[in-house]
4 protein chains.
Amino acid sequence: MARPKSDDRRSAILSAAIRRIAADGPGASTAAIAKEAGVSNGSLFTYFETKADLLNRLYVELKVEMATAALDGLPSGDDLRERAFHLWSRWLRWATSSPDKRRTLAHLDVSGEITPESRHTASQAMASVGELLERIRENGPMRDAPLGLVVALTSALADATIDLMIRDPDNADEHCTAAFDAFWRMLA
Amino acid sequence: MARPKSDDRRSAILSAAIRRIAADGPGASTAAIAKEAGVSNGSLFTYFETKADLLNRLYVELKVEMATAALDGLPSGDDLRERAFHLWSRWLRWATSSPDKRRTLAHLDVSGEITPESRHTASQAMASVGELLERIRENGPMRDAPLGLVVALTSALADATIDLMIRDPDNADEHCTAAFDAFWRMLA
Amino acid sequence: MARPKSDDRRSAILSAAIRRIAADGPGASTAAIAKEAGVSNGSLFTYFETKADLLNRLYVELKVEMATAALDGLPSGDDLRERAFHLWSRWLRWATSSPDKRRTLAHLDVSGEITPESRHTASQAMASVGELLERIRENGPMRDAPLGLVVALTSALADATIDLMIRDPDNADEHCTAAFDAFWRMLA
Amino acid sequence: MARPKSDDRRSAILSAAIRRIAADGPGASTAAIAKEAGVSNGSLFTYFETKADLLNRLYVELKVEMATAALDGLPSGDDLRERAFHLWSRWLRWATSSPDKRRTLAHLDVSGEITPESRHTASQAMASVGELLERIRENGPMRDAPLGLVVALTSALADATIDLMIRDPDNADEHCTAAFDAFWRMLA
DNA sequence: CATGAATGAGGCTTCATTCAT
DNA sequence: CATGAATGAAGCCTCATTCAT
């Protein structure tokens with residue numbers, strides 16, 4: 001059975017939210033989002049109880065999509081470096097090709113509207129990434145650093161790289177590789 | 001010549017803004033800021049033409065303070081690693097001990113209210129940091145990466161470390177050192 | 001299809017605006033107007049985008065009403081004097097019996113908020129009046145004066161008469177006739 | 001003894017008020033007026049108790065100036081038409097050459113800030129004009145109309161003419177004369 | 001269940017007036 | 001007495017949310 005009509009509406013709202021929030025920040029008005037979704041002002045509130053609710057769902061949805069994109073087709077072999085590079089480049093590719101989603105995620109992350117629950121849910125989608133990271137550093141120089149730091153470091157590094165790739169798309173691949181090397185030097 | 005514009009009042013407003021924005025994001029209302037500063041609603045506008053103006057001044061002020069704190073007492077010798085570590089630890093110490101300022105800076109950075117002029121002004125205060133970074137990587141593995149990436153990487157790394165230091169203050173010094181080692185591995 | 005925008009509400013707002021502006025000038029606050037209309041503060045803005053918009057609509061609406069009142073039942077014969085008197089007395093009667101509308105119109109006229117477009121639209125409603133005036137003076141002593149002057153003169157004269165009729169309502173008809181005679185002497 | 005310094009300040013404020021009100025209407029801020037006068041914000045209030053006070057003084061001052069200009073050099077002979085024309089043309093000349101003052105007067109007249117006292121005081125300056133008007137109409141067709149109407153009519157007529165003269169300055173003299181003829185036809 | 005008008009709290013900013021210097 | 005900062009009441013407008021249709 002195909003998706004019921006209402007799911008389309010829900011997604012339309014989420015997509016619209018991505019575009020509006022990327023452009024205007026988390027202050028984007030529900031009215032503007034509804035309009036961009038081609039949906040009525042009030043309809044938004046039958047799909048999301050509250051603006052905060054919409055923001056949180058969107059946050060989780062985007063994080064999951066990001067994780068999925070990164071993990072998609074991950075080789076299962078033993079070569080840690082190869083697996084890590086696969087993940088790394090998928091991740092950066094997703095982010096680079098979905099700048100609105102990335103911007104929105106960044107906005108949401110600091111908006112103060114995202115609940116701990118949402119953060120927790122989102123982090124679960126990244127679990128496998130965590131495990132991989134874990135194995136990478138376990139014999140490297142950061143073997144004693146808390147995993148949290150490693151994760152944060154990695155994602156910060158990725159973030160900086162993405163920015164550069166977007167600003168200088170002609171050398172995107174080089175930047176991607178160079179940054180991965182830096183990452184590997186740091187950890188492994 | 002009438003009551004002069006008081007520096008105290010101006011600072012009171014800026015401090016209040018730091019506190020409110022750290023807590024509520026850049027959406028913190030001018031009224032709330034004024035109240036927290038112990039100043040009348042309208043008075044805020046004799047010190048800052050506009051809310052956006054206030055935000056921009058605050059941004060520059062904080063960046064400059066951050067740079068100053070990092071650069072303070074920088075040894076002038078030839079030992080690059082020593083100088084880098086000095087700067088690194090000063091920076092992290094400042095950020096760790098001024099969590100509100102750091103949060104506010106982070107909020108402002110993505111708020112969409114900061115003009116290119118403000119960013120430019122702020123970046124000038126960090127000029128010496130840039131130079132040091134330049135010299136560090138010039139013989140290292142990232143010698144061919146654009147300086148922009150190196151800067152972004154470094155500050156991302158610092159950021160992640162700061163978060164950790166705040167969350168786990170008992171081991172702050174260890175985290176600081178460990179992260180610096182990672183940084184050095186990456187660059188030098 | 002949801003609650004339709006109600007004409008009643010719109011008119012209520014316009015009527016309220018007439019009353020408030022007649023009393024307080026164009027500075028009458030939107031809040032006061034909304035309250036007098038028995039409508040919420042924000043509702044006013046679903047009917048009029050902006051205060052200036054409200055003022056302009058009101059202006060046009062009133063001018064049109066005035067023209068309609070003046071032109072209503074205008075005899076179509078050849079007797080210029082008869083037709084002119086008909087128009088004259090209808091006009092003055094409307095103005096005299098709608099003092100608030102007239103005051104409001106006067107306020108708006110000098111408020112600096114009325115756009116050239118609104119003035120143009122309004123003037124079209126008065127087109128037939130212009131034509132009549134044109135024919136009246138074409139063989140009279142002011143045949144060489146610009147039409148603009150004639151119009152201005154006429155409306156100034158009417159204005160002065162209306163004031164008098166309002167101040168001395170017992171002799172309103174006499175004043176109306178006497179002024180018309182003066183008008184006729186001047187033009188025809 | 002020359003005028004004390006403070007009189008200069010007072011006049012500076014009044015002149016500034018004329019300019020600002022002509023441009024911005026009676027809503028011109030006291031701060032803007034003070035600034036234009038080259039005087040401090042607060043100083044304005046040592047010369048005028050209140051904004052309304054300033055407006056009223058200005059009103060009276062301007063009306064008196066207008067009357068003075070009109071009456072200046074009035075021939076004392078018996079030729080009513082000559083005297084009337086003298087007055088008429090002086091009046092129109094003053095108004096035409098002081099457009100700011102005229103605009104300001106018009107704004108003040110409808111501003112709702114002018115007290116009956118001010119109006120009364122102002123009208124006294126025009127007393128002689130009234131008397132002349134009185135004698136003009138006393139044997140003419142409007143001999144039975146109330147003086148108030150005649151005055152209003154006359155000033156309305158003048159007003160319309162002034163507008164035209166300003167819009168079409170090349171033919172100002174012609175318009176002035178033509179309008180006087182209309183005036184005379186109406187009254188005498 | 002969709003729609004969009006209704007609501008009213010709250011946001012930013014202006015301004016007349018007061019008062020410390 | 002001049003100055004201009006301080007004050008806080010409004011003013012216009014936006015927005016999340018509710019509710020009649």
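Proteins get letters first, then strands, A, B, ... in listed order; numbering begins at 1 in each.
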Asks: What distance separates D:R20 CZ from D:T30 OG1, expressed to the nearest 0.5 Å?
Replies: 12.5 Å

Asks: Once you apply the 3.5 Å cut-off to both distances, tell me the Watson-Crick or G-U wobble partner of F:dA20, or none.
Replies: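 The base-pairing partner of F:dA20, which may sit in any strand shown, is E:dT3.
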
Asks: Think D:T46 has a side-chain N or O under 4.0 angstrom from the OP1 or OP2 of F:dC1?
Replies: no

Asks: With both distances under 3.5 Å as the test, what is the Watson-Crick or G-U wobble partner of E:dT13?
Replies: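 The base-pairing partner of E:dT13, which may sit in any strand shown, is F:dA10.
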
Asks: Among E:dA5, E:dG8, F:dA16, which nucleotide sits nearest the side chain of C:N41?
Replies: E:dG8

Asks: Categorize B:S29 for me: base, sugar-phosphate, or nothing, with a 4.0 angstrom heavy-atom threshold over every strand shown.
Replies: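 It contacts sugar-phosphate atoms only.
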
Asks: Does OP1 or OP2 of F:dC12 have a side-chain N or O of C:T30 closer than 4.0 Å?
Replies: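 For F:dC12, OP1 or OP2 has a side-chain N or O of C:T30 closer than 4.0 Å.
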
Asks: Base, sugar-phosphate, or nothing for C:S6, non-hydrogen atoms under 4.0 angstrom?
Replies: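 C:S6: no heavy atom of the nucleic acid under 4.0 Å.
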
Asks: Using a cut-off of less than 4.0 Å, is there contact between a side-chain N or O of C:S43 and OP1 or OP2 of E:dG8?
Replies: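 Checking C:S43 against E:dG8: no side-chain N or O falls below 4.0 Å of OP1 or OP2.
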
Asks: Look at A:E61 together with A:K101 and state whether they make a salt bridge at an N to O cut-off of under 4.0 Å.
Replies: no

Asks: Check whether any side-chain nitrogen or oxygen of D:R10 sits under 4.0 Å from OP1 or OP2 of F:dC1, and answer yes or no.
Replies: no

Asks: Taking only side-chain N and O atoms of D:R9, does any of them lie within less than 4.0 angstrom of OP1 or OP2 on F:dT3?
Replies: yes

